[in-house]
Amino acid sequence: MATEVRTRYAPSPTGYMHIGNLRTALYEYLIARKYNGKFILRIEDTDQERLVEGAVDVIYKTLKMAGLQHDEGPDVGGDYGPYIQSQRKHIYMEYAKKLVEMGAAYYCFCTRERLAELKAQQEAAGQTYRYDRRCLKLSREEVERRLAEGQPFVIRQKMPDTGKTSFEDVVYGTITVDNSELEDQILIKSDGLPTYNFANVIDDHLMRITHVVRGNEYLSSAPKYNLLYNAFGWEIPTYIHVPLIIKESGQKLSKRAGDPSFEDLISMGYLVEAIINYVALLGWSPGTNQEFFTLDELVEAFDIKGISKAPAVFDINKLTWMNGEYIRKLPLEKFHEYALPYYKKVITSEKIDLMKISKLLQPRTEVFSSIPSMIGFFQELPEYSTELYIHKKMKTTEESSLESLKAAVPVLEALSTWNEQAIQDALLNLAQKMGIKNGQMLWPVRTAVSGLAVSPGGAIEIADILGKEETLRRIKIGIEKLENAKK
RNA sequence: GGCCCAUUGGUCAAGUGGUUAAGACGCCGCCCUCUCACGGCGGUAACAGGGGUUCAAAUCCCCUAUGGGUCACCA
C-alpha cells in the first residue's frame, strides 16, 4: 500500500489571512484531495509574544468560508494531535535532548545581552552576525552544573563544519549550500518552546506529512531542516516551495503596507469563488487555456508541475474582471441577495423595486462595493447642468430636448399602466409622430430622470423603476431648468 | 554585504532545440445601442544583455545586469 498523502496548512494565529497564505492553503488542499489524502490544520503559536486573541477562530472561519475543509485539526481532532504547537511543548524538548545526546545540538547559556554585544562587535568590524559557538566548548560537567543551578538556556543546532548540504525541491530542483553558511540556529527558546525551524520538522514528521508546501522565503532554511531529518534518520518529505505573491512594485504583499487580505477582499465585495479561482492562477498554470475553475475542477486540474518559479504580481484589476464574470453568472436572486446590503446604504424609499435595480446592475457590477455610487440617483435626483442635454451623437440640443420633454409629459401622464412596455410604446410612438429619432426623445428623458451623464439603464428602465409620479416630477424639473437656461 | 532563487508584452501566463512565440487582463478602435455596461469583432505590446554549444536556441552552458528572498530566543 502506498503511503497516504498528507499535507498541512500551518498558519500562525495573527488574526487574518494573507493572500499568499490563502494560496498556500489552497495548494495544500488541492494536493491532498487530488491524491485522496488528508489535509491537516496545525496552529503554529510558538511565539507567545505575538498571540492575538480570537485569531484561531478566524482561521477556522476563513478556511470554512474558502471551502478548504481540513480533515484533522484542533477543532476536528485526528490521530496525530494535539494540533496546536503550544500544547506539544514537551514533545519538542524531548527531541531536542535526543539531539544533544547525539551531538547534533548543544545547550547554550549566552544571555541576550551578550548576543547583542556580539552582534554589535561583529557589525562594527564589518562582518555579518554569527553566533560564536562559545557554549559549544562547555564541558559536560559545566553544562550539568549550570542546568542544575537553573540557569536559563536555549538549545542550538550544531551545524557541520565542512561539506555541503543539498535538498530536492519539486519546483526548484536541487539546491545546495555550503555548510559553512549555516548558523547554529536556536531550536528551543529560553521559554522552553521551540522555534518554527525546529517545530516544523518535528511536527511534519510526527504528523506524517508527505508534502510540505510553503512560500519560497523558506528556501534558504530548508538545508537546515534536512540536517535535522538526517540526524534523526527520518524520511524527508517532498518539498514544494511556491513563488511569492508580490505587488506591482515588486515587494511581498503585506498587511502593514495596506495590501488587502482575504477578508479585506470579501468586505470589498469580491466573491469567495472568484478570489480562490484568481489566486489559484497566481504562480500556477493548468497548461491549458481554461481559466475558470470551481474548487472541484481545480482538484481535478491541479498538477505540481504547473507551479512556476518566478514571483507573481497580484493584479487586482484582473481579479476585478474575474469577479465581474462570476457576478454575471450568478442567478438573479443570488445577485440580489449579495447586492441588497449595498442598496440599503443609499436607498431608503419603499417605492423602489430593488429587484428591478438588480436586473439593471447585474451586468454592470464588477465589485459589490461599487454599487452605492451607481444608484444614488434613484433615491435623489442629483443637481445637474443643462449641458447634459446636449449630445452630438444623439443630435440633441437644449432646444430639442426641451421640446421632447414637453411633448413627453402629456403622453406619460395619459398612461394608465406603468411598465417598461407601456413607457416604451408611448415614447417611441411619440418620437415617430414628431419625426425625430428615438435617441432625440430618449436621451433627454434619460437625462431628466437620472440627472447624470452616465446611468445604469436607459430612460425606459429608469422611468419604470422611479414610478409615474417621480418620473413626471423629474421631467418637469428638466423642463424648468431648460427654460431658465434659455433666458 | 554573504548565500540562495528568479528573469517571455504593463500584468497573469503557454512554451521544454525547428512555432507566423498561444491565451487572458488592461489599453485602443469598430459593431450593437437612448448613456454606461454586457455581448461581438479587430488591434497594440514580449523571449533582460552578452558570449558560447548546435545545421538550428525563448528553450542547453557561462558571464553580466536587474529584481526578489534569507541571514532573530518571528513564522
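Quick note on labels: first sequence line is chain A, next is B, and so on, each numbered from 1.
Ion pair Lys309(A)/Asp169(A) not flagged as a salt bridge, since none of the NZ, NE, NH1 or NH2 atoms sits closer than 4.0 Å to an Asp/Glu carboxylate oxygen.
Ranking G39(B), A13(B), C3(B) by closeness to the Arg328(A) side chain, first place goes to G39(B). Closest to the side chain of Tyr129(A), from the set A72(B), C74(B), A24(B), is A72(B). Of all nucleotides listed (A75(B), G26(B), C34(B)), G26(B) comes nearest to the side chain of Trp321(A). Of the listed nucleotides (G23(B), U35(B), G69(B)), U35(B) has the atom at the smallest distance from the side chain of Arg364(A). Picking from A72(B), G10(B), C73(B) the nucleotide with the shortest atom distance to the side chain of Glu183(A) gives A72(B). Proximity note for Ser285(A) (side chain, C-beta onward) versus U35(B), A14(B), G68(B): the nearest is A14(B).
Glu398(A) and Thr386(A) share a donor-acceptor pair across their side chains, judged by distance under 3.5 Å alone. No donor-acceptor contact under 3.5 angstrom links the side chains of Asn200(A) and Tyr218(A), judged on distance only.
A sub-4.0 Å separation between OP1 or OP2 of U35(B) and a side-chain N or O of Lys393(A) is present.
Take the nearest nucleotide of RNA chain B for Leu219(A) and for Ser455(A): the residue whose nucleotide is more 5' is Leu219(A).
For Asp464(A) against Asn419(A), the heavy-atom pair with the smallest separation is OD1-CA, 3.5 Å.
Pairing for A46(B) is absent, with no Watson-Crick or G-U wobble pair whose two atom distances lie under 3.5 Å.
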